[in-house]
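Everything on this sheet refers to the single structure shown next.
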Amino acid sequence: MELIAAKKVIIITEALMEQQVLSLLKAQGAEAYTVIRNLTGQGVRGVRSGQCLAGFCENVRIELIVKEEAQAKALMEAVYNKFLAEKYAGIAYLEDVRILHHGKI
Amino acid sequence: MELIAAKKVIIITEALMEQQVLSLLKAQGAEAYTVIRNLTGQGVRGVRSGQCLAGFCENVRIELIVKEEAQAKALMEAVYNKFLAEKYAGIAYLEDVRILHHGKI
Amino acid sequence: MELIAAKKVIIITEALMEQQVLSLLKAQGAEAYTVIRNLTGQGVRGVRSGQCLAGFCENVRIELIVKEEAQAKALMEAVYNKFLAEKYAGIAYLEDVRILHHGKI
Amino acid sequence: MWEMVLAGLFAPPILFFVLGMVSVFVKSDLHIPPAMGTAMVIFLMASIGITGGAAAIESLKADPALIGVIVAIALLAMFLGPFFAFMTGTLFKKFMRTADAWACAGHYGAVSSATVALGVALASEAQAANPAAQIFAGWMPAVYPFMDSSALIAAIVLGRMALINEQGGGEKADIKKVLHLTVFGMGVWVLVTALFIGMLSAVYSPGELSRALLFFDGMFRGIICLFMLEMGLAAAKQIGALKELGKHAVKALLYAFALPQVWGLVGILGAYAIHLAMPGKLFWGDAFVFATLAGGCSFVTAPAAMRANMPEANPSVYLPMAVALTFPFNVLIGMPMWMIVSQILWGAA
Amino acid sequence: MWEMVLAGLFAPPILFFVLGMVSVFVKSDLHIPPAMGTAMVIFLMASIGITGGAAAIESLKADPALIGVIVAIALLAMFLGPFFAFMTGTLFKKFMRTADAWACAGHYGAVSSATVALGVALASEAQAANPAAQIFAGWMPAVYPFMDSSALIAAIVLGRMALINEQGGGEKADIKKVLHLTVFGMGVWVLVTALFIGMLSAVYSPGELSRALLFFDGMFRGIICLFMLEMGLAAAKQIGALKELGKHAVKALLYAFALPQVWGLVGILGAYAIHLAMPGKLFWGDAFVFATLAGGCSFVTAPAAMRANMPEANPSVYLPMAVALTFPFNVLIGMPMWMIVSQILWGAA
Amino acid sequence: MWEMVLAGLFAPPILFFVLGMVSVFVKSDLHIPPAMGTAMVIFLMASIGITGGAAAIESLKADPALIGVIVAIALLAMFLGPFFAFMTGTLFKKFMRTADAWACAGHYGAVSSATVALGVALASEAQAANPAAQIFAGWMPAVYPFMDSSALIAAIVLGRMALINEQGGGEKADIKKVLHLTVFGMGVWVLVTALFIGMLSAVYSPGELSRALLFFDGMFRGIICLFMLEMGLAAAKQIGALKELGKHAVKALLYAFALPQVWGLVGILGAYAIHLAMPGKLFWGDAFVFATLAGGCSFVTAPAAMRANMPEANPSVYLPMAVALTFPFNVLIGMPMWMIVSQILWGAA
Ligand SMILES: Nc1ncnc2c1ncn2[C@@H]1O[C@H](COP(=O)(O)O)[C@@H](O)[C@H]1O
Ligand SMILES: Nc1ncnc2c1ncn2[C@@H]1O[C@H](COP(=O)(O)O)[C@@H](O)[C@H]1O
Ligand SMILES: Nc1ncnc2c1ncn2[C@@H]1O[C@H](COP(=O)(O)O)[C@@H](O)[C@H]1O
Ligand code: NA
Ligand code: NA
Ligand code: NA
């Protein structure tokens, strides 16, 4: 079976923004993703300890595997410009992966 | 201290299949793994929103670090053939990592 | 926008140790991290099934992205020596990532 | 009678169910945490079980011959489960893929614990509102596993045989696992063992039991409201998935509406036959709860059983049919109807 | 009267609140699981709603003219929300960044469901302790959304306009989304719909309702204790974040203490004016609960609305002000005071 | 008497415990969500505390001299904790690794909140079944932290000293942290502070308190059932880990069974001595609950304390011994026996 080189984009941001970030990613053409909720963390925008009411200080992690580096970058930049640049806490990074080919990317 | 190159296999699949996938992986010789539960996501087999009853539409993520690429591939293929090829939603991919050596892989 | 090569350190260890590991990492100069809780797993130190009372058999996953490999290694070694070498279950490994530059690392 | 139907439709649990559905339509962020949902299921099943066990001992003490009726009902349940499954599969395979048809067959043959819980709530309310009459004795949910297991096993065996005929191969059904899943699955297991707890306590520790029952009875009527709220949310969330039914949507919809009504009525008639054979031991509330066993469409055990044993079937067919069509229809139309029919048969209307 | 204040301050819910705060100071590992927190909010709002709905029908049956008072109170709420927001914003922008000032304005104009829940608990206790007198009719929380939505919308519109003046650009407020968030957000939505459930059941299914109310009433007085424990934990955890207020900390602290007291008194006076216009329909418990609507500082809906619509504002300003300053102060000082003032105005002290 | 033992063994909480264990043996998927478990612990401890605080004030009002008995019991607890730890460690180190022996010592010296909760439930039931007699006054669990902290500190200090003798080095025990962990750890902390809440409310706000107690008392007898279900699941899940005990399994098993029985009896005798010295102030239910404090083997605080302070010890030794051996044995054998012995000593059997 064949492993295909691909890029995994990871976005960690405020839990409250999950729906909006996913909407933007879909608008940018992303069709597949995985979400992990209830993360905590710390970054330049303070501690996000999960201890505020209503999930206010929790993070969420969205990961998307895409084939081309260009697309990966486009997704990251879109999210960065709209959300992470100024207004909301979060980071975006990229990893090299190799995925079992079955039409998933 | 020494960092040893290794492969990390990641399998994301239906939460209901966790036990069966782990059994298969163990049967294939895997002795160490980490599981993250309560993931949501979307892929070619539809949205898995975590909103069905009894964890029916949730995903689970299993990761295993193994020394050799061959073993990594074997694990991925076993899971792919038995579960992901046709019947159940899920993906399998691989990453390069370097692990602190202490007999863990 | 620019992607900057960086190192992601991942530490998986006993849930009970979260605060102590984070304290050590901060003492070593780490200022940003993300934590995922409620993991289960298996390793050389037995099954951690999440089935003991009071989170006793659960794992936690801490990830930190840092710029330099040297710093990454230093963090891993500090945690390894103090916690993972003998006393507590856990692993530490490292991945190459590229992060969107915005002063986060 | 019209007033009684209104009283039923505007009872708090039903209104909470509607509230749950509306919440999804208006895109409220209302959600029931999974832990709360599981806690409510455990509580409701334990409560039905322990109350039923205590009631069974009391009824059996008053009339030991009741045991004959219980056995008869259990046998009836064990026959009706596979019968419903077989009929459903036969009807559905005319317009569905074989795997989907037999997966649905299991769902419609098996028992829906939410439907039974609501049935018990309504029957208990009727009993509480009219303490002088004999309406509902409480032991009826004990036959749950007989109907549930037999239905699921029948559907899976028939379904796998049909698939082998069709494709000449495929999985083998693991009957032992299915039986395990249905008997030891959370809901049934808690219900059945709590039933034994109720019976044992009623015999050896009646004082402690009576105090524990104060808690279970008092909580039940409130928890069922919040549980129905969750069911309403779940039902409405699955409505979107109905579009996967595609061109068969109308047929599926009609069957999802009509079949359970018939199965429920068959259940009532069966109970009535036993009532005629051994009079004075079954009441309209019992028949009504038996109808909720027969007419409910499983959406916890059955989906899990089918996902494991009929992976060829598409969950987006059976899940929304069970949760988004049959359950709401049963709650709003089926249950009032079964209640009226039972009352008429027993001359209580 | 001194005794009554003591009885209020040493009532179990207040003491559990204090216990929660102390737990954080002594670094206890006591924590309320989020699922438990959500479950308690759903329960409390459903309970306030269904009880209030039933009470409204009963009161309206006894005196249909009450509807005039209800409408008057709703209109008053709809006016006071934006008024509080405007005043708060105007005061705060003198020493805060524009965005922070208007974000705070929304919080102080909007309604705090925890404050209202505690208010209802205290008013119900007063009523239960003195069943002969008319103290609190239960329907008052129904006007919640009128005050809440209007306040948040006003604050966001005013805030965005101020930011445009200042920076010549920026986001546009999405009024529709804010309205949606406030009306269909978990807390208000459950409260309001449960109110309708209570009303509908009271008319068509009073027997079932009365049995359901036994559960909701009985649980309410206990759940409010555990809920206040959670609030105490949350309040104390935010205290650390207060240092972000920096050199304006003292001013912020003074306002966080004083403003809600005034808003609460304005609420009481408004209710009293309506009482004078239409006497015999509002009681001191009603006025007191209206004060908790007016004086509370939102910390669930408002933060979410502001994070989405005023991202320029710093959550570390408004969250700790609402949770760590105003809420505890309202619980310990404001509510006893509002209670006494209402009693004096209604001649009940 | 045989009947009473049967009534005890077939009481709902015990049967739910058995159900939990059986669920694991039959591989049911029944599980208690962690949030539900934490919620139950908070509720039970708060309930024991607030009820006990109210009872203490009532008893002290009736007889201020009771304070002497309470102090005596607290001092006894503070002495027995370290005594049990020392004895256990000395016995265990003959066949276990030093670190494991002293870790176990801490567990057997410290208090098990689940055991105490069940003890309070049984004593309260006995009191409720026989309201005329004086059986159990409710304040007894207040001495929990005295026994718990002193036992854990003793075990850790003795254990670390033993390890230094053996290996000439290693960690230093952090006594302050251990004290903090045991006093401010969730269970004890909620119990103790709720006790103060109960006392304060009883003095200043008795009306509100009596209504809150209705909730706590009513819920307690039901929640203890579901909590024991969770305990049964936890106990059975640890049985597999017993195989790590290896060739010492039989010895460990015998000690896990026998030691707590003795510690419980020592507790009863201690309480009896105080009773003889200051007659008429302690009753058999108090002695019985003191036995559950003495005989229980901690499995929440102690494991956490030992993992942090004796990392050399193997959790797969102490966890299964406490949870899978001692707890079930105490529930099924120890508690009935302690109850009978207390009754005999107080002449109530
Ligand atoms: N260097 C980093 N390594 C790991 N996680 C990070 C890092 N920087 C930020 N994060 C995560 O991203 C969230 C938001 O980051 P920030 O916007 O920098 O406050 C933090 O709460 C962390 O969960
Ligand atoms: N390209 C992708 N990137 C990230 N996650 C994916 C991707 N494709 C699939 N997944 C995850 O795998 C699950 C099953 O995928 P599928 O079988 O394609 O429906 C999805 O629900 C996602 O959680
Ligand atoms: N090779 C591996 N791959 C993935 N996870 C591992 C691996 N080894 C250890 N772990 C994780 O680290 C935890 C502690 O490992 P250990 O100290 O080896 O028992 C395990 O429970 C797993 O969650
Ligand atoms: Na059925
Ligand atoms: Na306000
Ligand atoms: Na002990």
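Naming convention: chains lettered A, B, ... in sequence-line order (proteins, then strands); numbering from 1 in each chain.
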Check A/Arg61 with C/Glu63, please: is the shortest side-chain N to carboxylate O separation under 4.0 Å?
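Yes, this pair counts.
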Check this for me, if you would: do C/Lys8 and A/Glu95 make a salt bridge, where the nitrogen-to-carboxylate-oxygen distance has to be below 4.0 angstrom?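 A/Glu95 and C/Lys8: salt-bridged.
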Checklist line | Matching residue for C/Val35 among A/Leu39, A/Asn38, A/Thr40 - test: side chain to side chain contact (heavy atoms under 4.5 Å, CB included) | finding: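 For C/Val35, the side chain to side chain contact (heavy atoms under 4.5 Å, CB included) test succeeds with only one of A/Leu39, A/Asn38, A/Thr40, which is A/Thr40.
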Inter-residue atom distance C/Leu3.CG - A/Glu77.CD, 0.5 Å rounding
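Spacing of CG (C/Leu3) from CD (A/Glu77) equals 7.5 Å.
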Subject >> CG on C/Leu64 to CD on A/Gln42, rounded to 0.5 Å >> reply: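 It comes to 10.0 Å.
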Discussion item. Please identify, among A/Lys73, A/Glu69, A/Arg48, the residue contributing the most non-hydrogen atom pairs under 4.5 Å to chain C.
Written reply: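 Ranked by contacts with chain C, first place is A/Glu69.
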[X] versus chain C, heavy atoms under 4.5 Å apart: side chain, backbone, both or neither?
| X | answer |
| --- | --- |
| A/Leu94 | both |
| A/Glu86 | neither |
| A/Ile36 | side chain |

Ignoring hydrogens, what is the shortest heavy-atom contact between C/Leu100 and A/Tyr80? Give both atom names and the distance.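 Looking at all heavy atoms of both residues, the closest pair is CD1-CB, 3.4 Å.
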**Study point:** Closest heavy-atom pair and its distance - C/Ala32, A/Gly43
**Key:**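 So the two residues come closest at CB-CA, 4.0 Å.
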Exercise. Is any side-chain heavy atom of A/Met76 closer than 4.5 Å to a side-chain heavy atom of C/Arg98?
Worked result: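 No, too far: nothing below the 4.5 Å cut-off.
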